[in-house]
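First listed ligand is number 1; within each ligand, the first listed atom is number 1. Side chains included, hydrogens not; waters and symmetry mates left out as well; all remaining heavy atoms used.
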Amino acid sequence: MPIHIDPNRRFATYVPIVIVGAGACGAVAALAARERGIDVLILERDAAPAGSTALSSGFVPAGGTAQQRARGIDDSPERFAADIQAKARGRADMTLVKAYTEAIPQALDWLAQAHGIPFELVEGFLYPGHAVERLHCVPERTGAALLARLHRAVAASGADLLCSARATDLFVDDARRVLGLRFVRPDGSADEVGCDALVLACNGFGGDRELVARYIPEMADAEYFGHRGNDGDALRWAIALGALTADLSGYQGHGSVATPHGVLITWALMMQGAIQVNARGERFANEHEGYSEAAVQVLRQPGHVAFDVYDERLHEIGLQFPDYAQAVAAGAIKRGATLAELAAALGIDAAGLERTVMEVNALAHDDATDEFDRTFRAEEMLLPPYYGVKVAGALFHTQGGAVVDAHCRVLVARNTPLPNLYAAGGAARGVSGDAVWGYLSGNGLLSAVAGGFIAGRAASAR
Ligand SMILES: Cc1cc2nc3c(=O)[nH]c(=O)nc-3n(C[C@H](O)[C@H](O)[C@H](O)COP(=O)(O)OP(=O)(O)OC[C@H]3O[C@@H](n4cnc5c(N)ncnc54)[C@H](O)[C@@H]3O)c2cc1C
């Protein structure tokens with residue numbers, strides 16, 4: 001990802017704000033910039049933009065929204081920020097946590113009012129680490145639908161989206177002001193465009209095995225479940241420009257991807273009573289700690305796999321999620337009238353599974369806490385018929401990147417931003433600190449939507 005210092009570079013085409021990447025972050029940044037009537041060009045490497053956003057569940061966390069107030073839920077940016085820092089054990093960047101948690105309720109409200117993108121509250125269960133219900137989604141409950149709605153709004157706003165256009169080179173002056181960039185087409189032809197401000201919204205480096213091995217060695221051999229085109233361009237540019245980087249060892253993992261089907265099995269099942277066991281039928285962790293760190297735990301089990309085990313009540317809850325319904329259709333979900341039958345279908349030790357479920361039900365009967373510090377409730381007792389699915393641990397997306405300030409300006413030193421370079425979403429450092437356990441559910445789309453909102457506004461205010 002070359003950087004060229006070329007102060008005299010001239011460009012045949014010029015657009016005030018160029019955005020690299022058309023995921024949630026790039027789309028929201030474009031809408032925010034268009035609000036001020038400024039011309040915007042989004043460059044997207046894929047022919048059909050999808051990014052990790054379209055792979056995601058599309059759940060966006062926000063504290064202090066109208067949807068929460070309507071349900072009588074007492075929440076605020078401060079309360080949300082406290083939950084983020086509690087999960088990250090205080091290691092998330094406080095400037096960004098504050099900026100994002102304050103911006104996100106405004107951003108969701110604005111997307112609804114100005115762009116007709118309705119958000120509703122995901123109700124019925126709490127994701128690990130959230131004190132109250134605060135995940136919001138579009139009615140279709142998928143990231144693909146969220147992105148489709150954002151792209152319709154982008155088209156209506158008059159922003160230009162150029163697909164099959166991979167940004168490759170940046171041209172800067174001696175002060176590291178971005179003057180323009182080069183992008184290449186699939187046939188190898190190249191074009192250049194000049195700009196006043198550049199917003200990097202091209203996510204992290206999960207798609208680059210070499211960078212993952214360097215910064216996140218524990219995930220070097222894990223499956224990457226995010227968008228393959230997110231292969232570290234923003235990080236390489238940031239490093240080449242001398243920008244600060246942080247949290248490069250931080251990432252969102254997931255310990256529940258149906259294998260070999262490659263379908264996400266919602267962690268809502270764990271939060272409502274499901275358990276994870278290994279091939280010996282033994283539990284190995286507190287499932288309520290979070291799905292991100294579960295990735296590492298699952299990879300440590302025999303065969304690098306685990307098994308989600310639950311019952312019909314939880315199966316019905318799962319069916320509310322499109323991904324889970326897809327897993328059922330793919331034949332990933334097994335059913336057994338007895339635990340022995342389920343164990344045979346999953347290929348795990350029957351006696352071990354029966355022992356584990358008996359222990360878990362005894363804990364639930366007493367509302368008791370186990371050796372991993374998970375408390376079981378009476379209503380969570382596992383009853384026949386039983387269901388289960390074989391799962392693997394995966395890398396979803398990286399959480400490290402360029403250090404940015406509260407306006408998403410890329411910093412070269414504390415309080416010293418580059419003149420006109422912005423980064424947000426997965427392209428910047430996140431709010432999860434530097435370890436897998438720091439990821440609070442929703443931190444990804446929080447960074448993308450709030451960061452895009454802030455970066456688009458800041459770039460257009462220049
Ligand atoms: C399976 C899965 C489920 C998830 N579920 C959730 C969830 O429910 N809630 C949540 O908060 N987070 C979730 N996440 C994380 C979330 O999807 C991401 O954090 C978020 O989508 C990042 O948005 P983004 O716009 O920064 O990146 P993306 O959506 O990945 O968009 C980046 C875009 O940049 C393009 N690009 C890359 N390099 C270039 C280049 N050089 N030139 C041009 N274009 C380029 C890519 O093609 C891509 O379209 C999930 C992730 C996965 C993988």
Next on the checklist: Taking the basic N atoms (NZ, or NE/NH1/NH2) and the acidic carboxylate oxygens, is any pair closer than 4.0 Å for Asp191 and Arg182?
Outcome noted: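 So Asp191 does not pair with Arg182 through a salt bridge.
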
Item to check | Test: Arg69 and Asp75 ion pair at under 4.0 Å | outcome: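 Salt bridge between Arg69 and Asp75, a charged N being under 4.0 Å from a carboxylate O: no.
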
Item to check | salt bridge (charged side-chain N to carboxylate O under 4.0 Å, His left out) partners for Asp6, two or more places apart | outcome: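 Checked Asp6 against salt bridge (charged side-chain N to carboxylate O under 4.0 Å, His left out); matches are Arg9.
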
If you look only at distance, which donor and acceptor atoms sit under 3.5 Å apart when one is on a side chain in residues 450-462 and the other is two or more places apart or in another chain?
residue	atom	partner	partner atom	Å
Arg457	NH2	Glu35	OE1	3.4
Ser460	OG	Gly456	O	2.9
Ser460	OG	Arg457	O	3.0
Arg462	NH1	Asp196	O	3.0
Arg462	NH2	Pro419	O	3.4

Determine all donor-acceptor pairs shorter than 3.5 Å in which one atom belongs to a side chain in residues 39-49; sequence neighbours excluded.
residue	atom	partner	partner atom	Å
Glu44	OE1	Ala22	N	2.9
Glu44	OE2	Asp46	N	2.9
Arg45	NH1	Gly229	O	3.0
Arg45	NH1	Asp231	OD1	3.3
Arg45	NH1	Asp231	OD2	3.3
Asp46	OD2	His227	NE2	2.8

Give one line per pair: atom of ligand 1, protein atom, distance. Only N/O to N/O under 3.5 Å.
residue	atom	partner	partner atom	Å
ligand 1	5 (N)	Ser57	N	3.2
ligand 1	8 (O)	Phe59	N	3.4
ligand 1	9 (N)	Phe59	O	2.9
ligand 1	11 (O)	Phe59	O	3.4
ligand 1	11 (O)	Gly442	O	3.0
ligand 1	11 (O)	Leu445	N	2.6
ligand 1	17 (O)	Ser52	O	3.3
ligand 1	19 (O)	His397	ND1	3.2
ligand 1	21 (O)	Thr53	N	3.2
ligand 1	21 (O)	Thr53	OG1	2.9
ligand 1	23 (O)	Thr53	OG1	3.4
ligand 1	25 (O)	Ala24	N	3.3
ligand 1	25 (O)	Cys25	N	2.9
ligand 1	26 (O)	Gly426	N	3.1
ligand 1	27 (O)	Asn203	ND2	2.9
ligand 1	29 (O)	Ser52	N	3.3
ligand 1	29 (O)	Thr53	N	3.0
ligand 1	29 (O)	Thr53	OG1	2.5
ligand 1	30 (O)	Ser52	N	2.8
ligand 1	30 (O)	Asn203	ND2	2.8
ligand 1	30 (O)	Asn230	ND2	2.8
ligand 1	41 (N)	Ala167	O	3.0
ligand 1	41 (N)	Asp233	OD2	2.6
ligand 1	42 (N)	Ala167	N	3.0
ligand 1	44 (N)	Arg45	N	3.1
ligand 1	47 (O)	Glu44	OE2	2.7
ligand 1	47 (O)	His227	NE2	3.1
ligand 1	49 (O)	Glu44	OE1	2.7
ligand 1	49 (O)	Glu44	OE2	3.2

Checklist entry - Would you call the rings of Tyr291 and Tyr439 parallel, tilted or perpendicular if under 30° counts as parallel and over 60° as perpendicular? => result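 Tilted, since the angle between the ring planes falls between 30° and 60°.
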
